[in-house]
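Along the sequence shown, residues carry numbers from 1. The model shown is predicted, which means the values in this text are computed figures rather than measured ones.
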Amino acid sequence: MKKMELIAPCHFGLEAVLKREILDLGYEIAEVEDGRVTFYGDADAICRANIFLRTAERILLKVGSFRAVTFEELFDKTKELPWEDYIPQNGKFWVAKAASVKSKLFSTSDIQSIMKKAMVRRMQERYCVEWFPENGASYPVRVFLMKDIVTVGIDTTGISLHKRGYREVSGKAPITETLAAALIMLTPWRKDRILVDPFCGSGTFPIEAAMMAANIAPGMNRSFLSEKWDNLIAKKNWYDVIDEANDMICDDVEVDIQGYDVDSSVIKIARRNAREAGVDHLIHFQERDVKDLNHPKKYGFIITNPPYGERLEDKKDLPDLYRAFGESFKRLDSWSAYMITSYDDAERYFGRKADKNRKIYNGMLKTYYYQFLGPKPPKRKEK
């Protein structure tokens, strides 16, 4: 397959993290927009992006973009796109999702229906048939309209990339794997530094950190829609990337990663998830209240997602919980803490104003990522 544009959607506010990941994979960035990064790649890039990217939600193969302010324009310009270059005659194709922001065309159901008709008309002309069996591989189309500009892509991923395959069961208020990975990447934490999550729940932060430390690719243990795209991607591409990912694993790395939670039932879930991810030997999980948080070593990191109090009956407990968290953090006088929460009074009860904070959307929920920075550790003397 020739060089093409690939679109990687991500959480709003974390585009810079994903951009750095894509550059580290060796691909050229085409554009960075709110909630997505577009880059150039080939068939191999589809495989590598799906398997290696930790912070992308999915990978779309961009078919084209155009301006449309009427449904007639939408039909005609969709029909002009070279669908036959991507979808074989027996391919199953449909407009799986449409989103519209600040555009004259806003009825997503109408957008989906009209675009499907235009795709069918184009392919009828190109394949010289009236009817398509659609009994082959799936090619779901995703469409995004922003200020009347229509961007069209075919989903190469299927189930979102945050589904790593290790978290069959979640605890209360889980944070997604992709968001957890991005938040870790926003910190200076590295595998030779201590990491503790005192509200670990189902273990997402510790597990994602351990996978990074061991260099385990997040997409190794799951499948992708485009694995069946024999017309575009050879099976050898997938086999080669899996071999590359296996060769990179450093399973015997020495780390100090810990996860605590006051709820013993979610600690059991966290341990099970860590086993599924292949990193249970790298994490110490323990039932422990946040008021008992301590560690003998200096210059560690707390990265955590405390309770938000989304249910009204839970809100009354939040002041005491954040106050206890803040008191424990004071005792770790050389540590740094990174906390994502939607609780408006988090800083007040934590007892310290954040050195930095970043607004991040966790789905439709607006949250803040507070950074309480400790001193930098002294530089190690070279031997």
Checklist entry - If you round to the nearest 0.5 Å, how far is CG of Asp155 from CD1 of Ile59? => result 9.5 Å
Item to check | Distance-minimising heavy-atom pair for Gln112 and Ala98 | outcome: CG-CB, 3.9 Å
Checklist outcome for this item: Value for CG (Asn362) from OG1 (Thr367), rounded to nearest 0.5 Å, stands at 5.5 Å
Next on the checklist: Phe325: which residues meet the ring pair (Phe, Tyr, Trp, His ring centres under 6.0 Å) condition with it, sequence neighbours left out?
Outcome noted: Phe199, Phe350
Checklist entry - Taking atom types as modelled and ignoring hydrogens, do the side chains of Glu177 and Thr204 form a donor-acceptor contact shorter than 3.5 angstrom? => result no
Next on the checklist: Within 45 degrees of the ring normal and closer than 6.0 Å to the centroid, is that where the cationic atom of Lys116 sits relative to Phe93?
Outcome noted: yes
Next on the checklist: Could you go through Arg275 and Tyr166, starting from their C-alpha distance and side-chain angles, then the distance that decides it, and tell me whether this counts as side chain to side chain donor-acceptor pair (under 3.5 Å)?
Outcome noted: CA-CA 8 Å; Arg275 281 196 300 273; Tyr166 67 73; over 6 Å; no
Checklist entry - Hey, is NZ on Lys62 packed in by over 12 heavy atoms from elsewhere, all under 6.0 Å? => result yes
Checklist entry - So, do Leu81 and Tyr86 sit near enough that their side-chain heavy atoms are less than 4.5 Å apart? => result no
Next on the checklist: I'd like to check Val262 versus Arg288 (side-chain heavy atoms, cut-off strictly below 4.5 Å). Are they in contact?
Outcome noted: no
Checklist entry - Which residues satisfy the side chain to side chain donor-acceptor pair (under 3.5 Å) test with Arg323, sequence neighbours excluded? => result Asp320
Item to check | Heavy-atom side-chain proximity of Ile111 to Val150 below 4.5 angstrom | outcome: no
Next on the checklist: Once side-chain hydrogen bond (donor to acceptor under 3.5 Å, both in side chains) is applied, what residue pairs with a partner in residues 68-81 remain, sequence neighbours excluded?
Outcome noted: Lys79-Glu125
Item to check | From CA spacing to verdict: side chain to side chain contact (heavy atoms under 4.5 Å, CB included), Trp335, Ile302 | outcome: CA-CA 8 Å; Trp335 283 46; Ile302 296 169; 3.8 Å; yes
Next on the checklist: One thing to verify: whether Arg122 and Glu84 come together as a salt bridge, which I'm taking to mean a side-chain N less than 4.0 angstrom from a carboxylate O.
Outcome noted: yes
Item to check | Pi-cation contact, Trp94 with Lys92 (under 6.0 Å, within 45°) | outcome: yes
Checklist entry - Heavy atoms, side chains only, cut-off 4.5 Å: are Glu33 and Thr38 in contact? => result yes
Checklist entry - Between Ile303 and Leu373, is there a shared hydrophobic cluster once you connect ILVMFWY residues whose side-chain heavy atoms come closer than 4.5 Å? => result yes
Checklist entry - Are more than 12 heavy atoms from other residues, nucleotides or ligands located less than 6.0 Å from atom CG of Asp344? => result no
Checklist entry - Shortest non-hydrogen contact from Val255 to Ala213? => result CG1-CB, 3.7 Å
Next on the checklist: Hydrogens and angles aside, do Asn231 and Tyr139 bring a side-chain donor and acceptor to less than 3.5 Å of each other?
Outcome noted: yes
Item to check | Which atom of Gly35 lies closest to which atom of Glu15, heavy atoms considered | outcome: N-OE2, 2.6 Å
Checklist entry - Any side-chain donor-acceptor pair under 3.5 Å between Tyr239 and Glu244? => result no
Item to check | Stepwise ring pair (Phe, Tyr, Trp, His ring centres under 6.0 Å) test for Trp238 and Phe224 | outcome: CA-CA 10 Å; Trp238 290 104; Phe224 306 97; 5.7 Å; yes
Checklist entry - OG1 of Thr151 to CG of Leu145: how many Å apart, nearest 0.5 Å? => result 8.0 Å
Next on the checklist: Could you go through Phe205 and Leu183, starting from their C-alpha distance and side-chain angles, then the distance that decides it, and tell me whether this counts as side chain to side chain contact (heavy atoms under 4.5 Å, CB included)?
Outcome noted: CA-CA 9 Å; Phe205 274 126; Leu183 296 179; 3.8 Å; yes
Checklist entry - Cut-off 3.5 Å, side chains only: do Gln371 and Ser336 have a donor facing an acceptor? => result no
Next on the checklist: Does either side chain, that of Ser328 or that of Asn294, offer a donor lying less than 3.5 Å from an acceptor on the other one?
Outcome noted: no
Checklist entry - Would you say Phe75 and Lys117 make side-chain contact, with heavy atoms under 4.5 Å? => result yes
Next on the checklist: Do Arg222 and Arg164 make a side-chain contact, defined as non-hydrogen atoms from C-beta onward lying under 4.5 Å apart?
Outcome noted: no
Checklist entry - Could Lys3 and Asp42 be called an ion pair, given the rule that one side-chain N must be under 4.0 Å from one carboxylate O? => result no
Item to check | Arg358 CZ: over 12 foreign heavy atoms closer than 6.0 Å | outcome: no
Checklist entry - Would Met185 and Thr55 satisfy side chain to side chain contact (heavy atoms under 4.5 Å, CB included), going step by step from the backbone distance to the final call? => result CA-CA 9 Å; Met185 290 180 184; Thr55 63; 3.8 Å; yes
Checklist entry - Does any non-hydrogen side-chain atom of Phe52 lie less than 4.5 Å from one of Ile22? => result no
Item to check | Spacing of Glu57 atom CD and Ile7 atom CD1 [to the nearest 0.5 Å] | outcome: 14.5 Å
Checklist entry - Does the side chain of Glu254 reach to within under 4.5 Å of the side chain of Leu282, using non-hydrogen atoms? => result no
Next on the checklist: Looking at every heavy atom in both Leu18 and Ala8, which two are closest together, and how far apart are they?
Outcome noted: CD2-O, 3.3 Å
Checklist entry - Where do Asp251 and Gly278 come nearest, in terms of heavy atoms and distance? => result OD1-O, 4.0 Å
Checklist entry - Does a sphere of radius 6.0 Å around NZ in Lys235 hold more than 12 heavy atoms from other residues, nucleotides or ligands, not counting ones at 6.0 Å or beyond? => result yes
Next on the checklist: A quick test of your reading: do over 12 heavy atoms of other residues, nucleotides or ligands sit less than 6.0 Å from CD1 of Ile159?
Outcome noted: no
Checklist entry - For the atom pair CE (Met339) and CG (Asn357), what is the distance rounded to the nearest 0.5 Å? => result 10.0 Å
Checklist entry - Any chance the side chains of Asp256 and His284 put a donor and an acceptor closer than 3.5 Å? => result no
Next on the checklist: Return the CD to OH distance between Glu5 and Tyr40, rounded to the nearest 0.5 Å.
Outcome noted: 4.5 Å
Checklist entry - Does Arg352 make a cation-pi contact with Phe372 (under 6.0 Å, within 45 degrees of the axis)? => result no
Checklist outcome for this item: Tested for ring pair (Phe, Tyr, Trp, His ring centres under 6.0 Å) against Tyr322, the lone hit among Tyr343, Tyr308, Tyr370 is Tyr343
Item to check | Arg54 vs Met212, side chain to side chain contact (heavy atoms under 4.5 Å, CB included): CA-CA, chis, key distance, verdict | outcome: CA-CA 9 Å; Arg54 298 183 188 277; Met212 290 180 197; 3.8 Å; yes
Next on the checklist: side chain to side chain donor-acceptor pair (under 3.5 Å), that's the test. Do Thr156 and Asn50 meet it? Break it down for me.
Outcome noted: CA-CA 8 Å; Thr156 76; Asn50 273 301; 3.0 Å; yes
Item to check | Nearest heavy atoms of Ala180 and Glu208, plus distance in Å | outcome: CB-CG, 4.2 Å
